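Protein chains get the first letters and strands the later ones, always in sequence-line order, with residue 1 at the start of each. Everything numeric in this text was worked out from a predicted model, so none of it was measured. Below, each value reflects all heavy atoms present in this structure, side chains not excepted, and no hydrogens, waters or symmetry copies.
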Amino acid sequence: MIDIVYTISKYLTLICFVVFTITSFRVQRDIPDELKIKSYTMQRSLILAIHALSFFVICLHVLSGDAQINLWYLIAFYIAQLAYLLVMTMLIPRFVRLNRGLNHVMCMFLAIGFIFQTRLDFENSVKQFLIMLAGTVLFLIFCFFCKRAKFMRHLTWIYCIAGLGLLLLVLILSTVSRGARLSLELGPFSFQPLEFVKILFVLFVAGAFHKSTSFKMVVITAVCAAVHVLIQVFCNDLGSAFILFLIYLMMLYVATRRFVYVLLGTAAFSAAAVAAYHLFGHVRVRIQTWQDPWKDINGTGYQIAQSLFAIGTGGWFGSGLFKGNPSSIPLVSKDMIISAISEEFGAIFGIFLILLCLCFVLMIFRVAIRIEMTFYKLLAFGLGVCYAVQVFLTIGGALKFIPLTGVTLPFISSGGSSMLASFIMLGIIQALYVISESDVAHERRMVAAGADLSEFAGYEDLAERRQRRRPVQDDRSMEEPDDFGYEEEEYEELYDDSGFYSDYDYDDPDGEWEDADRQIRDPRRHVITRIDMNDIHERK
Amino acid sequence: MISMRENDRNLRKINRVRKKINKRRVINKDIMKVFAFFVVIFSALIIYLCYFLSFQAGAVINNSYNRRSDVLMKTVRRGSILSDDGTVLAYSETGEDGAERRIYPYGNIFSHVIGFDSNGRAGIEAAYNYYLLTSHNGIFEKISNEFHQVKNPGDDVQTTLNAGLQNYIYQLLGENSGAVICMNPDTGEIYAMVSKPDFDPNYISENWDVLSTRSDSVLLNRATQGLYTPGSTFKIFTLYEYYLEHPETFEQFSFLCKGILEVGDTTISCLSGAHGQESLLTAFSNSCNCAFGTIGKSLDLARFQQTNEALLFGKELPLDIPSTASQYSLTSGDTDFDIMATSIGQGNTQITPMHLAMLISSIANEGICMKPHLVKYVLTSEGEVTRRFRNEVYTRLFSESEAAMLKGYLRAVVTDGTGSPVYPGNFVAYGKTGTAQKESETYGDYDHSWFAGWAENNEQKLVVCVILENMDSAGTSAVYLCKQIFDYYFGY
């Protein structure tokens with residue numbers, strides 16, 4: 001009889017998760033606000049439903065006496081987690097301005113993390129929960145702090161030095177674990193600075209390209225990035241090295257808009273990869289294990305083989321919680337959590353988890369798209385890339401799609417530093433979201449004030465379509481947003497008397513725009529005609 | 001009427017906004033391009049996961065390092081094992097109490113090769129465990145079964161084993177200890193694999209304590225895991241090495257056999273007295289120890305070692321069921337007697353019957369060694385093929401001309417030498433006899449009788465490798481047994 005409950009809960013969980021993922025994509029489209037609010041409410045219920053269903057199964061399992069967990073501890077733990085999820089999804093959005101889509105997806109990840117950490121190792125999951133609470137505090141601090149801290153974009157070199165300093169510290173002081181130099185021992189805590197270096201690195205690159213995208217700056221940042229990557233290779237942390245490399249390459253591409261840099265970077269990477277393969281034994285071992293894990297199934301290939309066994313045995317629908325054997329995979333709660341999820345919840349769940357991660361990336365990129373200032377734009381974009389690459393490396397590694405790199409799945413895997421770093425990342429992104437909202441609102445206000453922007457190619461998609469759908473909305477949005485990004489005096493600062501954005505590094509190598517601006521400001525030209533505007537536009 | 005100043009301000013504002021928007025739109029396009037890149041690689045992940053589950057997972061999870069069979073056993077009723085013509089060799093029966101019981105209708109006859117499904121599993125039951133525990137029935141049927149608390153029927157495994165042949169050989173062996181392997185050299189399909197002493201897999205759990213501690217290693221599959229002194233069958237290796245070292249002149253070899261050869265303090269003797277003047281061909285067909293001892297002494301030992309390693313000594317055989325690697329070791333530090341004894345197969349060399357069968361198969365198949373296999377298909381419970389195990393080339397052991405040369409020598413054994421008992425019949429037979437003399441303190445002196453060879457007619461080929469333990473007679477009992485197998489297989 002109990003088995004039927006297990007089975008029903010398994011399929012219900014899958015259905016809930018599929019609906020959640022689809023909803024997450026849906027709210028990314030321009031749908032009316034009432035629908036969005038409905039969707040968010042539904043998402044919250046789905047998170048709580050999946051969490052409750054799984055804990056019900058865990059309780060049943062404990063009752064049947066197979067697990068060494070005290071039932072009352074488990075129930076108390078469940079209530080604590082429930083309270084956390086409720087606070088995060090209901091209370092926090094009332095006091096803090098957040099992107100609720102991002103917030104809900106994060107909570108879904110956390111709930112899946114709760115379920116699997118509890119299922120795999122109860123004691124560790126309690127520890128993990130406490131770390132997560134600390135992470136949430138950091139998250140809130142960054143939410144508040146980032147949108148007010150204007151100085152953030154001027155600290156470029158401090159980020160670089162701090163990042164490199166941390167890396168050197170790791171190289172010198174770290175203890176070797178799993179063949180890699182990763183963690184610093186601080187009393188009872190083991191701390192992995194590399195997780196934070198990623199964020200510092202994104203801040204550094206965003207700051208540098210905010211200042212200038214000249215060739216000189218590209219070279220300087222490339223050298224700094226190379227030093228970062230090399231130190232990580234020496235630490236034997238190939239996953240992080242690859243993440244930093246990709247972050248740099250993509251931010252470089254977006255900042256300079258030159259595809260040739262991508263080609264150069266890819267060529268440099270290929271050369272470096274070949275060199276690393278011949279120079280470093282551990283690189284070779286990784287590659288060989290990836291190509292044929294079965295050859296040394298008891299040694300280097302053990303982890304990946306166990307992961308494939310888990311995914312293969314679980315099949316499309318999974319074995320159900322506690323019906324699988326994920327504990328046989330080494331480091332299952334960290335690098336291999338996707339294998340455990342796929343084994344017990346099924347590959348279809350795994351596929352939708354990958355889609356949800358993709359949706360998360362889309363949400364972060366949309367924040368980047370809506371934002372005005374290059375620094376913030378690049379920052380949001382870089383963090384999104386960081387997240388996406390990390391997800392790809394950990395899932396691809398567990399599936400033997402790419403060599404195993406030992407990267408965690410943010411918010412789901414256990415691991416203190418990774419959890420804290422993920423929260424900081426999301427805190428920054430949520431702060432950027434608020435800034436992006438105020439940017440969009442500012443634009444709308446310009447439109448409402450009579451600025452005719454319709455002649456700019458494609459602009460009507462943005463503004464007119466919005467107006468067509470919700471004519472009333474724009475008035476409301478005029479009052480609503482608090483200008484966190486730019487206070488009134490900051491606008492003054494930005495738009496100084498010269499008429500240029502002193503703080504904007506727009507790409508104007510030939511001075512075309514400057515000329516155009518001068519022409520418009522020429523007191524001899526009293527009236528500006530539409531033809532003139534078009535003329536200027538065509539010159540561009 | 002707006003003033004000029006105001007107009008100017010507005011224009012400046014518009015211009016700024018326009019610049020911002022244009023710049024942003026270009027960057028935004030690039031951000032969406034990067035997103036498209038991530039869409040592509042994430043889709044690749046998903047497609048790979050689907051591909052893995054649809055096409056690879058079946059083979060991957062069927063690995064002895066996967067310890068998840070308990071997980072599958074809860075939802076799948078173990079499939080049946082069938083012979084090549086579909087006769088059921090093992091099936092599962094669900095009792096009144098819902099417990100599953102494994103039934104082996106042929107009892108002892110297939111004991112080693114089919115194996116058993118409890119006490120750690122063995123044989124095909126172990127090697128194809130996950131295939132038997134995987135159900136390829138429709139997905140809706142599976143979900144419906146899950147809700148009805150009914151187990152899905154697992155897939156069946158169709159073997160290459162010929163139930164009639166296996167049964168016949170089993171009866172032939174009687175109470176003797178030993179092993180017989182029959183296989184098709186052109187495909188690598190194993191038709192029969194008998195090992196004695198045997199046990200009844202139906203009662204394996206009940207008798208486990210007795211079986212696992214018996215001194216005659218009853219659970220050991222002698223065909224693949226039994227290490228035996230090769231005796232005269234090893235002369236194939238010695239002959240081949242002599243040929244490699246003297247590719248032009250090897251046929252000019254001649255030797256006068258006096259029946260006994262003195263080496264230091266010890267002697268090597270031929271079983272059937274003096275053979276007189278011999279060529280290499282007659283020395284081989286007579287299985288002349290003196291001649292091959294002399295050849296052995298002249299060989300380049302390092303090269304001999306290499307040749308033997310190329311001929312699968314010391315190598316794990318490419319089999320699904322557990323096998324032991326044959327052992328060979330001879331170095332320049334060994335005494336003359338050791339060298340000579342080894343070259344006639346009496347030294348420390350040890351070989352498995354499966355290894356010898358593969359060697360003979362490659363000679364029969366123009367030098368190509370096919371991968372020996374026991375399973376043809378995996379079928380759903382409705383009989384649809386879900387996986388086909390194709391005939392695979394394992395490696396080439398001999399060139400075509402070498403194989404033809406060796407074939408001539410093996411034919412001579414049957415026409416003019418020790419293998420003459422298998423000569424008559426409506427087939428053409430080839431082979432090599434052998435007697436492994438072993439001095440043992442516990443059992444006294446004993447002889448193992450070998451025959452490895454094949455017979456062919458226009459349509460069929462059958463490789464047979466026979467080892468009979470502790471036979472008194474001078475190495476002919478295995479060859480008589482083989483004659484009966486050929487007669488049975490090719491018909492009178």
Side-chain angles (χ1 to χ4, degrees), chain A residues 3-4 7 250 253-254 257 294 297-298 305 308-309 311-313 315-317 319 323-325 328 347 350-351 354-355 357-358 361-362 365 368-369 372 377 381 385 388 392 395-396 399 401 443 446 451-453 456 458-459 495 499 501 504 506-507 513 516-517 520-521 523 526-528 540, chain B residues 4-5 7-8 10-35 37-39 41-46 48-50 52-53 56-61 63 65-72 74-75 130 134 139 142-143 146-149:
Chain A
D3 279 340
I4 252 197
T7 308
M250 291 185 173
Y253 169 63
V254 166
R257 292 176 239 153
W294 315 110
I297 193 169
N298 248 341
L308 292 180
F309 291 159
I311 296 168
T313 315
W316 295 107
F317 290 101
S319 56
K323 299 275 181 104
N325 187 12
S328 69
I351 287 169
I354 297 173
L355 286 175
C357 290
L358 193 63
V361 176
L362 177 67
F365 279 7
I369 283 171
E372 288 287 336
K377 204 179 203 36
F381 172 72
V385 171
F392 178 71
I395 297 182
L399 296 180
F401 185 62
E443 197 184 294
M446 296 290 286
D452 180 14
L453 301 168
F456 305 111
Y459 184 76
Y495 304 2
Y501 319 131
Y504 278 69
Y506 58 88
D507 197 16
W513 284 106
D517 202 52
I520 294 166
R521 287 190 296 115
H526 294 225
V527 182
I528 185 132
K540 168 69 181 165
Chain B
M4 211 172 80
R5 202 180 140 76
N7 184 22
D8 192 34
N10 277 346
L11 284 172
R12 269 159 60 189
K13 234 180 194 175
I14 290 169
N15 196 34
R16 276 183 218 121
V17 170
R18 185 184 54 185
K19 275 193 218 168
K20 275 199 293 185
I21 290 169
N22 272 330
K23 152 122 194 189
R24 213 181 62 194
R25 290 179 66 78
V26 179
I27 286 201
N28 288 352
K29 259 188 206 157
D30 290 328
I31 291 181
M32 285 323 281
K33 276 184 202 160
V34 173
F35 181 68
F37 168 73
F38 283 118
V39 170
I41 63 172
F42 277 51
S43 313
L45 266 186
I46 292 173
Y48 182 79
L49 177 56
C50 295
F52 171 77
L53 272 181
Q56 293 189 321
V60 163
I61 62 172
N63 187 304
Y65 285 88
N66 188 0
R67 301 194 186 86
R68 287 182 168 73
S69 48
D70 297 346
V71 175
L72 294 171
K74 286 177 197 151
T75 56
Y130 283 87
T134 307
I139 210 152
K142 275 193 205 169
I143 294 176
E146 200 170 343
F147 279 103
H148 289 99
Q149 308 274 302

Novice: Quick one: what part of A:W316 sits under 4.5 Å from any heavy atom of chain B, side chain, backbone, both or neither?
Specialist: both
Novice: Got a sec, which residues hit side chain to side chain contact (heavy atoms under 4.5 Å, CB included) with B:L72, two or more places apart in sequence or on another chain?
Specialist: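 Residues passing side chain to side chain contact (heavy atoms under 4.5 Å, CB included) with B:L72: A:T313, B:Y130, B:L133.
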Novice: Would you check if B:M32 and A:I369 make a side-chain contact, meaning some heavy-atom pair closer than 4.5 Å?
Specialist: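 Of all side-chain heavy-atom pairs linking A:I369 with B:M32, at least one is under 4.5 Å.
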Novice: Would you compute the distance between atom CD1 of A:I395 and atom CG of B:L49 and round it to the nearest 0.5 angstrom?
Specialist: 9.5 Å
Novice: Using side chain to side chain contact (heavy atoms under 4.5 Å, CB included) as the criterion, list what pairs up with B:T75, not counting sequence neighbours.
Specialist: none
Novice: Given that the side chain runs from C-beta out, which part of A:A347 has a heavy atom under 4.5 Å from chain B: side chain, backbone, both or neither?
Specialist: both
Novice: Between B:F38 and chain A, which part of the residue has a heavy atom less than 4.5 Å away: side chain, backbone, both or neither?
Specialist: both
Novice: For A:F381, which atoms come within 4.5 Å of any heavy atom of chain B: side chain, backbone, both, or neither?
Specialist: side chain
Novice: To the nearest 0.5 Å, what is the distance between CG on B:L45 and CG on A:L399?
Specialist: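 B:L45 atom CG to A:L399 atom CG measures 6.0 Å (nearest 0.5 Å).
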Novice: Could you check which of A:V385, A:L355, A:V361, A:L362 has the highest count of heavy-atom pairs closer than 4.5 Å to chain B?
Specialist: A:L362
Novice: Can you tell me which portion of B:Y48 sits under 4.5 Å from chain A's heavy atoms? Options are side chain, backbone, both or neither.
Specialist: side chain
